[in-house]
Undergrad: 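Sending over a structure as structure tokens; questions will come in a sec.
Chain naming here is simple, since letters A, B, ... match the order of the sequence lines and numbering starts at 1 in each.
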Amino acid sequence: MVEDAEAERRVRDGRALLELVARRVSRGLAGQVRFDDLIALGWPALYAAAREWDPARAKFATFAAMKIRWAIIDGVRRETHGRAVKGRALALAASERFGVDALPTTEAPPEDPIPDEAAQAELRALLEGHAAALAFGLVAAVGDMADIVDGAETPEDQASRVQFVGAVRREVAALPDRERALVERHYYEGEAFDSIARELGISKSWASRLHAQAMRRLAEAFRDAC
Amino acid sequence: MNPLLADPWIAAQIDAAVAPYRGRLPAAEIAWMRDQLAEVLAGDESAARVLRRAHPRPVDESGVVATAGSGDAAADTAGRERARRGA
């Protein structure tokens with residue numbers, strides 16, 4: 001239930017945004033989850049966004065799209081689906097969360113016609129971090145060996161995946177304490193990110209920075225192991 | 001396939017980012033990761049800005065380097081992609 005007319009209007013107008021976000025997530029999940037189910041997962045987030053939006057902080061569409069996307073991805077990863085769908089949902093969640101703190105929040109310099117070497121390094125780091133988050137998410141959904149066996153994969157693919165799952169677990173175990181706690185408890189044990197941050201005695205934004213740092217460390221470890 | 005991947009320079013950056021996972025994850029997952037990375041560059045405002053600053057400008061036969069906003073391939077591709085998706 002939305003309290004005021006303005007919020008109610010935002011919900012009405014936000015319907016198209018909800019469908020747009022659900023379509024994008026659906027593409028990311030290769031259409032393996034019913035579109036209506038994605039919409040159903042996104043509705044509560046749209047209502048919440050309409051109520052909680054602060055015009056001083058962001059455009060409504062930006063704020064609502066982020067909340068809706070997170071709610072849909074989180075819903076998919078929590079609901080019972082096959083390993084492949086769950087893995088992709090977890091991968092999208094990890095990449096999305098990495099994106100929150102992947103880039104500095106300072107004002108970017110004006111665009112220069114000459115390619116900017118610093119920007120190229122920044123782009124490289126950004127893509128490597130997102131790639132690590134995606135790869136990590138794809139295998140983080142694996143609970144035991146039975147989860148790894150996928151009839152659609154070749155024996156070679158399965159063997160590589162088993163090795164990679166082990167390598168990822170070892171790299172996560174080697175992360176600094178708070179980063180490791182965040183990653184293990186959130187992705188392996190399914191605890192809410194905010195409550196882990198609270199228990200660690202850090203703010204949500206600091207936890208997001210630690211998460212981004214953890215993904216950068218994993219990216220570096222995977223690159224070095226090449 | 002995400003339209004940004006049609007740009008060879010962007011595709012090369014994305015390929016470099018997924019390189020550590022080739023042979024460790026099935027080819028289908030790698031293809032999916034490439035698509036998602038392109039999606040990040042197309043859909044995230046800050047990432048799209050970094051891409052515009054980083055992308056080498058095309059040089060025509062006269063040796064003239066195009067300036068930002070005058071045919072920048074990355075910006076154009078990213079802009080078209082955002083428009084197509086209605087963002």
Undergrad: Please look at B:Ala16 and chain A and tell me whether the side chain, the backbone, both or neither of the residue comes under 4.5 angstrom of a heavy atom of that chain.
TA: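 Looking at B:Ala16, nothing touches chain A.
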Undergrad: Is it the side chain or the backbone of A:Ala16 that comes within 4.5 Å of chain B heavy atoms, both, or neither?
TA: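 Contact with chain B: none, neither part.
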Undergrad: Counting heavy-atom pairs under 4.5 Å to chain B, which of A:Arg88, A:Glu96, A:Arg124 comes out on top?
TA: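 Highest number of heavy-atom pairs under 4.5 Å: A:Arg88.
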Undergrad: Is the backbone N or O of A:Ala93 less than 3.5 Å from a side-chain atom of A:Trp70, with the two atoms forming a donor-acceptor pair by type?
TA: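 Answer holds: no.
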Undergrad: If you draw the axis of the six-membered ring of A:Phe193, does the NZ or CZ of A:Arg97 fall within 45° of it and under 6.0 Å from the ring centre?
TA: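 Yes, cation above the ring, under 6.0 Å and within 45°.
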Undergrad: With a 4.5 angstrom heavy-atom cut-off, could you sort out which part of A:Leu123 is near chain B: side chain, backbone, both or neither?
TA: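 Its backbone and side chain both get close to chain B.
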Undergrad: Identify whether NZ of Lys or CZ of Arg in A:Arg10 sits under 6.0 Å from the centre of the six-membered ring of A:Tyr47 and within 45° of that ring's axis.
TA: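 Geometry flag: not set, cation outside 6.0 Å or 45°.
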Undergrad: Determine the option with the most heavy-atom pairs under 4.5 angstrom with chain A, choosing from B:Ile14, B:Val18, B:Leu25.
TA: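 Ranked by contacts with chain A, first place is B:Leu25.
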Undergrad: What heavy-atom pair brings B:Ala47 and A:Leu126 nearest, and what distance separates the two atoms?
TA: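 Smallest heavy-atom distance, with atoms named: CB-CD2, 3.6 Å.
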Undergrad: Below 4.5 Å, heavy-atom pairs only: which of B:Ala17, B:Pro26, B:Ser46 has the largest tally toward chain A?
TA: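 Counting heavy-atom pairs under 4.5 Å, the top option is B:Pro26.
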Undergrad: Give a yes or no on whether the ring-centroid distance for A:Phe136 and A:Phe98 is below 6.0 angstrom.
TA: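 No.
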Undergrad: Please classify the contact of B:Val40 with chain A as side chain, backbone, both or neither, using a heavy-atom distance under 4.5 Å.
TA: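 Contact with chain A: side chain only.
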Undergrad: In the structure I gave you, are the side-chain heavy atoms of A:Arg217 and A:Pro176 within less than 4.5 Å of one another anywhere?
TA: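 The answer is yes, as the side chains (C-beta and beyond) meet within the 4.5 Å cut-off.
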